[in-house]
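In this chain, numbering begins with 1 at the start of the sequence shown.
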Amino acid sequence: MIIRIGELVNAVGRIIVLSSPPTLGALLRGLRSREGWTLKEMSAKSGIPVSTLSKIEHDRLTLTYDKLQTLAVRLGLRLADLFAETKDEAVQPITARRSLGDVARSVRVETPNYDYYYLCTELRRKRMIPVVTKIRARSAEQFGELVRHSGEEFIYVLSGKVVVQTEFYDPVTLGPGEVLYIDSNMGHAYLAAEDCEEAEVLAVMSSAEEELMESLLTIHEEQRQVAKAVNENAPPVLPRRRAVRGQ
């Protein structure tokens, strides 16, 4: 059977519209499950008797507005989080965005110690920034100060060996097929291992901040300046980095 994409999207849309919104009971059950609380523990935190909470969770009882306000304050929630229908829960549209590419069609940024290949650059306002990076720097001196930027990042080693230095952990060496996921607000650096001439990794950076791309390009310029200074035995003159929210 052949289904046209338009028909499938319409069908999914109808299913979403017809599905029932979450009840107060379902929201409380979900919260309790995420926090790992028992009914008794939630009762102690909220000031609502266990028997009453049980009835609410099974949709046999609801709360008045003033009690909902008290519940939200005691559980550290917004009042809107306790209602079934909020703007935050609006169905996200299907954008059907797609980007097909390869390294040859990437945006390339070169520094003496790193080559960066930014992928899928024709898509704007992406939630993820995928980059293939070739790493040649082998020392902290060549790298410069640990970098920090908003969001999180994931790296997958394609070839060679990579030494990852982070602010709060001991250095770790990764080989082909090994991965690491870190908080990018934590200072970090990627170096090629001593016995590796060049390492290649796939990195994916994610952040809610629209300035992430600009911050990454500023970091590349700083790396270029550091490498130039190391080669010339002179202190680098670094550009002023624009502050990124979340740092």
Side-chain angles (χ1 to χ4, degrees), residues 103 106-121 125-247:
V103 171
S106 65
V107 172
R108 184 170 179 173
V109 178
E110 296 180 339
T111 74
N113 295 317
Y114 298 87
D115 291 337
Y116 300 93
Y117 302 83
Y118 282 85
L119 306 172
C120 307
T121 54
R125 300 174 66 87
K126 295 191 296 292
R127 294 187 179 182
M128 299 183 294
I129 298 179
V131 188
V132 171
T133 304
K134 293 184 178 180
I135 303 170
R136 293 181 292 275
R138 291 193 183 85
S139 69
E141 182 184 28
Q142 288 177 310
F143 185 88
E145 292 185 9
L146 297 178
V147 300
R148 299 172 179 80
H149 54 83
S150 65
E152 300 175 329
E153 63 193 85
F154 166 88
I155 68 165
Y156 176 93
V157 180
L158 299 170
S159 63
K161 290 183 181 179
V162 179
V163 178
V164 183
Q165 297 184 350
T166 52
E167 188 174 1
F168 303 115
Y169 298 90
D170 291 332
V172 59
T173 301
L174 304 176
E178 295 186 306
V179 304
L180 186 67
Y181 191 110
I182 65 170
D183 172 6
S184 304
N185 291 284
M186 171 176 61
H188 57 282
Y190 300 136
L191 305 173
E194 290 184 3
D195 57 348
C196 175
E197 183 175 343
E198 181 179 85
E200 188 173 27
V201 305
L202 169 64
V204 180
M205 277 73 74
S206 176
S207 173
E209 304 301 335
E210 295 180 8
E211 297 92 344
L212 176 59
M213 186 73 178
E214 182 178 347
S215 180
L216 293 174
L217 293 176
T218 300
I219 289 170
H220 300 339
E221 178 59 27
E222 290 180 0
Q223 290 173 335
R224 185 183 288 111
Q225 294 291 341
V226 168
K228 180 180 178 181
V230 169
N231 292 334
E232 297 178 353
N233 255 347
V237 179
L238 300 179
R240 177 178 294 180
R241 184 183 301 181
R242 180 177 176 180
V244 176
R245 286 176 293 170
Q247 287 187 233

Closest non-hydrogen atom pair between [X] and [Y], with its separation:
X    : Y    : value
S106 : L119 : CB-CD2, 3.8 Å
L146 : A189 : CD2-CB, 3.7 Å
V163 : P171 : CG1-CB, 4.1 Å
C196 : G160 : SG-CA, 3.7 Å

Query raised in the report: Is it true that a side-chain atom of E167 and a backbone atom of G187 form a donor plus acceptor pair closer than 3.5 Å?
Result: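 Present.
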Would you compute the distance between atom [atom1] of [X] and atom [atom2] of [Y] and round it to the nearest 0.5 angstrom?
X    : Y    : atom1 : atom2 : answer
E198 : N113 : CD    : CG    : 11.0 Å
I129 : S207 : CD1   : OG    : 8.0 Å
D183 : H149 : CG    : NE2   : 9.5 Å
Y114 : L191 : OH    : CG    : 5.0 Å
K134 : Y116 : NZ    : OH    : 13.5 Å
I135 : Q142 : CD1   : CD    : 12.5 Å

Would you say that [X] contacts [Y] through its side chain, given a criterion of any heavy-atom pair below 4.5 Å between the two side chains?
X    : Y    : result
V164 : I182 : no
I155 : L174 : yes
E197 : R138 : yes
R136 : D115 : yes

Query raised in the report: Under the side chain to side chain contact (heavy atoms under 4.5 Å, CB included) criterion, do F143 and Q165 qualify, and how do the steps go?
Result: CA-CA 11 Å; F143 185 88; Q165 297 184 350; over 6 Å; no
Report task. For M128, look at atom CE and say whether over 12 heavy atoms of other residues, nucleotides or ligands are found less than 6.0 Å away. Result ->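 Open.
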Query raised in the report: With under 30° as parallel and over 60° as perpendicular, where do the rings of Y190 and H188 fit, or are they tilted in between?
Result: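 Y190 vs H188 ring planes: tilted.
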Report task. Begin with the C-alpha distance, continue with both residues' side-chain angles, and end with the deciding distance and a verdict on side chain to side chain contact (heavy atoms under 4.5 Å, CB included) for L180 and V162. Result -> CA-CA 11 Å; L180 186 67; V162 179; over 6 Å; no
